[in-house]
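For this chain, numbers begin at 1 and follow the sequence in order. The analysis underlying the following values was restricted to heavy atoms, covering all of them including side chains, and did not include hydrogens, waters or symmetry mates. None of these values were measured; they are calculated from a predicted model.
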Amino acid sequence: MRECQTAGQHVPTDTYACRECEHDWPCPPARLALLIGFDSDRTGLMMYLAAHLTRALQALPDRHPALIVGQIIYWVPRRR
């Protein structure tokens with residue numbers, strides 16, 4: 001799995017907060033970096049985020065799964 005090199009320090013902690021700004025990850029700078037880093041590879045981006053979703057669901061057992069999915073996946077722009 002490739003890491004987004006342009007995200008800088010906007011990477012997830014073990015609790016899926018941003019290491020740099022402490023917002024839920026992916027924070028706005030991480031989202032932008034992921035969109036740029038994956039360019040037009042929406043499938044690759046979704047697979048990358050799905051791997052993070054799996055980890056986040058395990059790391060955050062007390063948080064409702066729908067909230068975790070919203071945090072990790074639902075921000076990705078839809079295809080047109």
Side-chain angles (χ1 to χ4, degrees):
M1 180 182 335
R2 64 182 174 182
E3 282 294 327
C4 186
Q5 299 300 319
T6 58
Q9 295 300 312
H10 292 276
V11 294
T13 62
D14 292 341
T15 60
Y16 276 83
C18 175
R19 186 175 311 282
E20 180 71 18
C21 65
E22 299 178 4
H23 287 95
D24 285 344
W25 188 90
C27 60
R31 291 175 182 188
L32 179 59
L34 288 166
L35 288 173
I36 291 169
F38 279 90
D39 192 24
S40 61
D41 185 9
R42 186 174 190 277
T43 301
L45 174 59
M46 294 303 286
M47 290 176 65
Y48 176 80
L49 292 174
H52 276 286
L53 176 61
T54 301
R55 289 188 211 120
L57 288 167
Q58 293 172 350
L60 305 168
D62 295 333
R63 189 181 292 181
H64 194 284
L67 296 175
I68 299 171
V69 171
Q71 173 184 332
I72 305 286
I73 301 288
Y74 287 162
W75 64 270
V76 177
R78 305 286 187 257
R79 288 186 179 162
R80 292 186 183 234

Using 0.5 Å steps for rounding, measure from the [atom1] atom of [X] to the [atom2] atom of [Y].
X     : Y     : atom1 : atom2 : value
Met46 : Asp41 : CE    : CG    : 11.5 Å
Gln9  : Cys18 : CD    : SG    : 9.0 Å
Leu57 : Arg55 : CG    : CZ    : 12.0 Å
His10 : Glu20 : NE2   : CD    : 4.5 Å
Leu35 : Trp75 : CG    : CH2   : 4.0 Å
Leu34 : Asp39 : CG    : CG    : 13.0 Å

For a 4.5 angstrom cut-off between non-hydrogen side-chain atoms, does Phe38 reach Val76?
no
For Ser40, what residues pass the side chain to side chain contact (heavy atoms under 4.5 Å, CB included) criterion, not counting sequence neighbours?
none
Name the atoms and distances for all side-chain donor-acceptor pairs under 3.5 Å in residues 63-72, with sequence neighbours left out.
residue: Arg63; atom: NH1; partner: Gln71; partner atom: OE1; Å: 2.5
residue: His64; atom: ND1; partner: Ala66; partner atom: N; Å: 3.0
residue: Gln71; atom: NE2; partner: Tyr16; partner atom: O; Å: 3.0
residue: Gln71; atom: NE2; partner: Trp25; partner atom: O; Å: 2.8

State which residues pass side-chain hydrogen bond (donor to acceptor under 3.5 Å, both in side chains) with Thr13; sequence neighbours excluded, sorted by chain then number.
Thr15
Looking only at atom types and distance, does a side-chain atom of Arg31 sit under 3.5 Å from a main-chain N or O of Pro26, one as donor and one as acceptor?
yes
